[in-house]
Number of protein chains: 2
Amino acid sequence: MKIDPKLDLVFERFVEVSPELVWTAWTQPEHLKKWFTPAPWTTVDCEIDLRPGGVFRTVMRSPEGKDHPNTGCYLDIVANRKLVWTDALEAGFRPSRRDAHLGFRFTAALLLEPQGRGTKYKATVMHGDEESRKKHEAMGFQEGWARALEQLVEHMKTVRL
Amino acid sequence: MKIDPKLDLVFERFVEVSPELVWTAWTQPEHLKKWFTPAPWTTVDCEIDLRPGGVFRTVMRSPEGKDHPNTGCYLDIVANRKLVWTDALEAGFRPSRRDAHLGFRFTAALLLEPQGRGTKYKATVMHGDEESRKKHEAMGFQEGWARALEQLVEHMKTVRL
């Protein structure tokens with residue numbers, strides 16, 4: 001993965017849950033819905049077809065009750081270690097049919113590495129141009145991913161696999 | 001592969017060369033440059049990194065000498081049988097950085113099936129909306145793929161692997 005600081009955003013943390021628990025949180029809809037959107041937003045629907053070309057769809061609900069659907073496609077999957085998807089494509093690798101609802105497209109790569117009893121959690125979000133990266137950053141990328149990850153850890157600590 | 005006639009274009013032929021020869025024509029730049037663009041257009045450059053996330057780049061030259069670069073990304077590869085790529089992404093699955101030079105994005109899936117001494121050759125080209133499919137069709141999709149395939153067969157009949 002070649003990172004370009006002009007085009008990419010990187011979020012990195014150590015978390016005190018195993019890669020297997022983080023993986024479960026990201027790949028099972030019933031878990032993902034518990035943590036994916038920083039409160040008071042909620043994730044009210046989620047569809048996951050975990051294979052390259054499979055759909056990754058979520059519906060986020062704003063505090064005012066407005067629903068925001070997001071549809072993407074998985075690209076590269078290594079269980080418990082690597083998850084890559086994009087919203088530039090839909091199920092079956094079809095180009096997205098709608099305008100980008102954020103105003104830009106992205107590809108996200110999540111890498112999980114065992115570290116002691118926990119996980120080194122690294123997300124790289126790639127954009128097609130600098131303007132898109134800046135827009136995503138200004139929307140609160142770092143804060144959003146940090147808050148969601150706190151919710152993930154909080155939720156998964158209550159789960160026994 | 002779910003085909004949607006409103007969004008997709010399908011090109012299908014039987015050709016009298018083996019799937020292995022067709023595969024070579026599509027995946028080795030020195031061969032691809034010989035047939036890829038219907039004459040009098042030519043393909044003057046080609047870069048192929050044959051793995052999911054790898055680049056597929058060509059430069060087509062018009063009869064007037066104007067160069068048209070195309071950059072895409074491989075998505076799914078089964079040697080001698082299946083090749084899937086899109087121009088909605090670039091190398092490393094990064095969203096495309098430029099506006100679509102054709103005015104739309106596509107994902108193409110080429111399927112090769114041995115049939116006697118030859119190959120059943122089926123290309124499905126997927127679009128994000130009906131307008132893009134119509135535009136691509138009106139640009140001469142069927143004629144272009146037919147002429148290029150004739151050139152492919154003509155060239156590969158002169159090649160011994």
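Below, chains carry the letters A, B, ... as their sequence lines are ordered, and counting in each starts from 1. Reckoned from all heavy atoms, side chains included, excluding hydrogens, waters and symmetry mates.
- Each of Asp129(B), Asp4(B), Asp8(B) was compared with Arg94(A) under the salt bridge (Lys or Arg N to Asp or Glu O under 4.0 Å) criterion, and only Asp8(B) meets it.
- Connection of Leu112(B) to Trp85(B) is established within a shared hydrophobic cluster, with ILVMFWY side chains joined at heavy-atom distances below 4.5 Å, either directly or through further cluster members.
- Note on Lys2(B), Arg105(B), Glu90(B), His127(B): by heavy-atom pairs under 4.5 Å with chain A, the leading option is His127(B).
- More than 12 heavy atoms of other shown residues, nucleotides or ligands fall within 6.0 angstrom of atom CD in Gln142(B).
- Ile77(B) and Leu111(B) are assigned to two separate hydrophobic clusters, defined by single-linkage of ILVMFWY side chains at heavy-atom distances under 4.5 Å.
- Heavy atoms of Leu89(B) lying under 4.5 Å from chain A belong exclusively to its side chain.
- Interface remark: Asp87(A) contributes no atoms to any contact with chain B (heavy atom separation under 4.5 Å).
- In Lys33(B), the NZ atom is crowded: over 12 heavy atoms of neighbouring residues, nucleotides or ligands sit closer than 6.0 Å.
- Rounding to the nearest 0.5 Å gives a distance of 5.5 Å between CG of Asp76(A) and CZ of Phe93(B).
- Residues Val78(B) and Trp23(B) fall into different hydrophobic clusters, defined by Ile, Leu, Val, Met, Phe, Trp and Tyr side chains chained together at heavy-atom separations under 4.5 Å.
- Contacts of Ser96(B) with chain A are made by backbone atoms alone, with heavy-atom separations under 4.5 Å and no side-chain atom involved.
- Taking CZ of Arg97(A) as the reference point, atom CD of Glu130(B) lies at 11.0 Å (rounded to 0.5 Å).
- Within a 6.0 Å radius of CD in Glu137(A), other residues, nucleotides and ligands contribute more than 12 heavy atoms.
- For Gln115(B), the CD atom sits in a packed shell: over 12 heavy atoms of surrounding residues, nucleotides or ligands are nearer than 6.0 Å.
- Ranked by heavy-atom pairs shorter than 4.5 Å toward chain A, the options Gly128(B), Ser132(B), Ala88(B) are led by Gly128(B).
- Heavy-atom minimum distance, Met126(A) versus Pro95(B): O-CD, 3.6 Å.
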